Amino acid sequence: MVLRRKIRWLALFSLIGCLAAAGPAYVLLQHGVFPFLLFVAGALALAWPASGLVAERMARLIDHDERLTGIMRNVGEAIVLVADDGTVEEHNPAAEALFGRPDLDGAPFAALFAEAERGRVAALLAAGMRGGASVQEPALGIERAGARIEASLAISSLDVHGRRSTIAVLADVTQRLKHERELLRLATRDRLTGLPNRAMIESLLEAAVAEARRDGTRFGVLCLDLSRFKLITDTLGHQAGERLLIEVAARIQATVSGVDVVGRIGADDFAVLLDRLPEPEHAAALARTVLAAFDDPVDLDGAGHYVRPSIGIALFPDHADDAAELMRAADTALYAAKRQGGKRWAFFRREMADQARRHLALDRDLRAALAAGEFRLFYQPKVSLADHALKGFEALLRWERPGHGVVSPGEFIPVAEETGFIVQLGDWVLEEACRQQRAWLDHGLAPVPVAVNISPRQLRQRTAVDVLATISRHGLPPGLIEVEITEGAVVQDFDHALSVLAGLKAVGIRVAVDDFGTGYSSLSYLKRLPLSTLKIDRSFVAGVPGGREDCGIVSTIIAMAGMLDLDVVAEGVERPEQAAFLRHHNCLTVQGWLTGRPAPAKEAGDLLAVRLKQTA
Ligand code: C2E
Ligand code: CA
Ligand code: CA
């Protein structure tokens, strides 16, 4: 406002100045003093509002201009007016800050950028000067005080009353690009090993498939999985697990050639993308080299740990039509390699996929069978060698499949475990065992404990509370149900297993380790778990008393159980010599054909009735 008033006065004075020069002289000369004064008064009266109008316009212009200048001075973007000859005509302070120099006016605009960018800038400038839509570039390098920064550039051309100006607007995007690149890195790299992650590997696979299709070439993917990884993290801790993964990543990386890409695609899963494979044999050779890289133990906390990876290989286009199918094929091959027992590799074969399909069909049939009530429990007695007393039963699942006879669990439990159906099926087994115990109680029999098998998956997904709820729903004393688990089940999620087993033990449910000696027999594990019984695996008992090694194993397990204060049960006892050996080594509870085959509930009930008579 102050400005506006000043201008008003200025305009007025200049008007008066003009009048004062010509008009008054004439009036004064011609008409004398009074008319002269009258004239001046009239002129003033006329000039005051007129000066107001002129002043108003000028003020608005200046005001506008000052506002624009103010904006120019204060915006974060660098604004540069470029003359037709490509030199800087005008600029704002942000431009000085961006380019790191005050002497911008007159400098060739393109020369303000890093050398490699100058051609590009000149081209953009030429395009911008031609008019039309503004031209833009997301990032251009600028050397500033020895450091490289990056700026976005937008060039537009303005035509004001026939006078054209080219305006360049620049923003420092160095930080933003850094963040974006970091985000991209995070999204595509595994944080721990720095290797490409699953998403990245998948998109590389897509690209490789497209390339192989176009060029008619072959490439391969190799999936690798560490079988004992979980055991290591559970016993040595998370950090040791991480160090192990870093070492594994480094060893794989060291075996592959520069063009092949190694990625980490899961907790302990790695993948190698094998670029161009003229011969499938190359993939096999690489698999062997990778496995050989694990001949030496990995040192963790001063102790050597052997890693036993398994590898599955699938080739494009031999084994799949697209990237997703190729990955599945490599995974299928990996599972086949794993089933052979670690430190193996396998090529994908069609039969493997057929098997996967069969498993799916079987899973469907199993679900239908449960709904149709085709499952039964058989009961196999556990007997004391001391007095032939019945100590308990193990509940064993049977499928009475119409048209197939009785299907044994070996044929469907592994599939149910793989598909996850085992959890539902296992719930049914526990329910049925409880129902049967209740029925025997209600018939006035004195039941013995019934052991149910809890699969690894079931153990992972169920809690002690679930088990107890079922038992108490049938009004059973908890001691009448026992649980058998395998070592492998514990290894997969030690902390959860520990909490389930502790919960069971707290209410008096006994827990046995099944198939003992075939899994990850680690004493440190056993000591930490609230167990009550070890069941010696049938395969060792089979070699007793003829096989020296089996005799050694069986007697060691019995001694170990004694040391850990656990009961011991021998499985698969078929012959009297086996029983004699076991009795001699102080294993007094046996389960096997010698003392009783698995039988339907009716026959098991008869055994209970006999027992009742004997004890009466
Ligand atoms: P397991 O838990 O080791 O059960 C013992 C297996 O040995 C049973 O096989 C039993 O019939 C068999 N067996 C018992 N005595 C002898 C013997 O003297 N000689 C020989 N050769 N075999 C004997 P089965 O019933 O075929 O069950 C096989 C496996 O299926 C079981 O092994 C267990 O791992 C699993 N299974 C059975 N029922 C269930 C269940 O309800 N749930 C789960 N998760 N698994 C079950
Ligand atoms: Ca068992
Ligand atoms: Ca067993």
Side-chain angles (χ1 to χ4, degrees), residues 366 369-370 374-383 385 392-401 405-436 449-462 467 470 481-490 492 510-519 521 531-544 554 557 567-579 581-582 589-601 603-604:
L366 284 172
L370 184 62
E374 292 170 11
F375 288 107
R376 301 273 176 276
L377 283 188
F378 274 33
Y379 297 87
Q380 184 176 32
K382 297 178 188 175
V383 175
L385 286 180
F393 287 117
E394 175 174 4
L396 293 161
L397 193 56
R398 297 290 179 265
W399 178 11
E400 289 177 356
R401 191 178 189 186
V406 177
V407 186
S408 69
E411 288 182 44
F412 60 83
I413 295 270
V415 174
E417 178 73 17
E418 202 175 287
T419 63
F421 176 60
I422 192 71
V423 180
Q424 244 175 295
L425 192 55
D427 287 346
W428 180 85
V429 169
L430 179 63
E431 181 74 34
E432 173 61 15
C434 289
R435 193 201 56 76
Q436 185 60 63
V450 168
V452 294
N453 291 282
I454 304 281
S455 87
R457 196 132 172 185
Q458 204 183 344
L459 184 68
R460 276 204 307 268
Q461 296 193 11
R462 290 290 179 258
V467 176
T470 309
I481 293 292
E482 292 183 356
V483 162
E484 293 188 9
I485 54 161
T486 55
E487 292 159 88
V490 177
Q492 286 173 12
R510 295 166 60 83
V511 179
V513 177
D514 210 351
D515 307 341
F516 188 72
T518 59
S521 310
L531 300 168
S532 42
T533 310
L534 297 186
K535 291 188 81 177
I536 308 171
D537 190 63
R538 203 166 71 219
S539 61
F540 304 125
V541 175
V544 163
V554 170
I557 295 176
D567 289 343
V568 60
V569 176
E571 291 184 319
V573 180
E574 295 177 356
R575 290 167 285 119
E577 316 87 88
Q578 292 169 320
F581 178 92
L582 292 163
T589 310
V590 297
Q591 178 186 343
W593 294 350
L594 183 69
T595 48
R597 296 208 177 211
E603 287 175 38

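Source: prediction; values computed, not measured. First listed ligand is number 1; within each ligand, the first listed atom is number 1. Residues: numbered from 1 along the sequence shown.
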Gap separating the CD1 atom of I454 from the CG atom of D427, nearest 0.5 angstrom: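 Atom-to-atom, I454:CD1 and D427:CG are 8.5 Å apart.
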Does [X], backbone or side chain, put an N or O under 3.5 Å from an N or O of ligand 1?
X    : answer
E394 : yes
D514 : yes
I454 : no

Expected output: side-chain R460 to main-chain S455 donor-acceptor under 3.5 Å: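 No.
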[atom] [closest protein heavy-atom partner, distance rounded to 0.1 Å]:
atom                    : value
atom 16 (C) of ligand 1 : W593 NE1, 3.2 Å
atom 28 (C) of ligand 1 : P409 CG, 3.8 Å
atom 38 (N) of ligand 1 : L397 N, 3.1 Å
atom 7 (O) of ligand 1  : R538 NH1, 2.4 Å
atom 19 (N) of ligand 1 : E574 OE2, 2.5 Å
atom 43 (C) of ligand 1 : N453 CB, 3.5 Å
atom 10 (C) of ligand 1 : L396 CD1, 3.8 Å

Among L377, V407, V452, N453, the one residue meeting side chain to side chain contact (heavy atoms under 4.5 Å, CB included) with L397: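 Testing L397 for a side chain to side chain contact (heavy atoms under 4.5 Å, CB included) against L377, V407, V452, N453 leaves exactly one candidate, L377.
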Atoms named by residue and atom, protein N, O or S, within reach of the Ca ion (ligand 2) (under 3.0 Å):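 E394 OE2, N453 OD1, E484 OE1, D514 OD2, with waters left out.
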For P598 against F378, the heavy-atom pair lying closest together: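 Here P598 and F378 meet closest at O-CD2, 3.6 Å.
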contact_flag P598 ligand 1 heavy-atom lt 4.0 Å: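 Flag set, P598 near ligand 1.
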Non-hydrogen protein atom less than 4.0 angstrom from atom 34 (O) of ligand 1: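 Under 4.0 Å from atom 34 (O) of ligand 1, zero protein heavy atoms found.
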Under 4.0 Å to a heavy atom of D515 - the qualifying atoms of ligand 1, by number: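 Answer for ligand 1: 3 (O).
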For V429, the ligand 1 atoms whose distance to one of its heavy atoms is below 4.0 Å: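 Taking each heavy atom of V429 in turn, ligand 1 has 41 (O) under 4.0 Å.
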Proximity winner for atom 25 (O) of ligand 1, if only heavy atoms of R398, E484, E571, Q380 are counted: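 Looking at heavy atoms only, the winner is R398.
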Side-chain heavy-atom pair D567, T589 within 4.5 angstrom cut-off: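 No, their side chains stay 4.5 Å or more apart.
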Beyond-backbone contact of R575 with L594, side-chain heavy atoms, under 4.5 angstrom: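 No, too far: nothing below the 4.5 Å cut-off.
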Check against side-chain hydrogen bond (donor to acceptor under 3.5 Å, both in side chains), W593 and E574: CA-CA 5 Å; W593 294 350; E574 295 177 356; 5.5 Å; no
Those residues that, when tested against S532, pass side-chain contact (heavy atoms from CB on, under 4.5 Å) (two or more places apart):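 Only R510 meet the side-chain contact (heavy atoms from CB on, under 4.5 Å) criterion with S532.
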Proximity to ligand 1 by part of I413, non-hydrogen separation under 4.0 Å: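 The answer is the side chain.
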Salt-bridge criterion met for E394 and K535 (N-O under 4.0 Å):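 So E394 pairs with K535 through a salt bridge.
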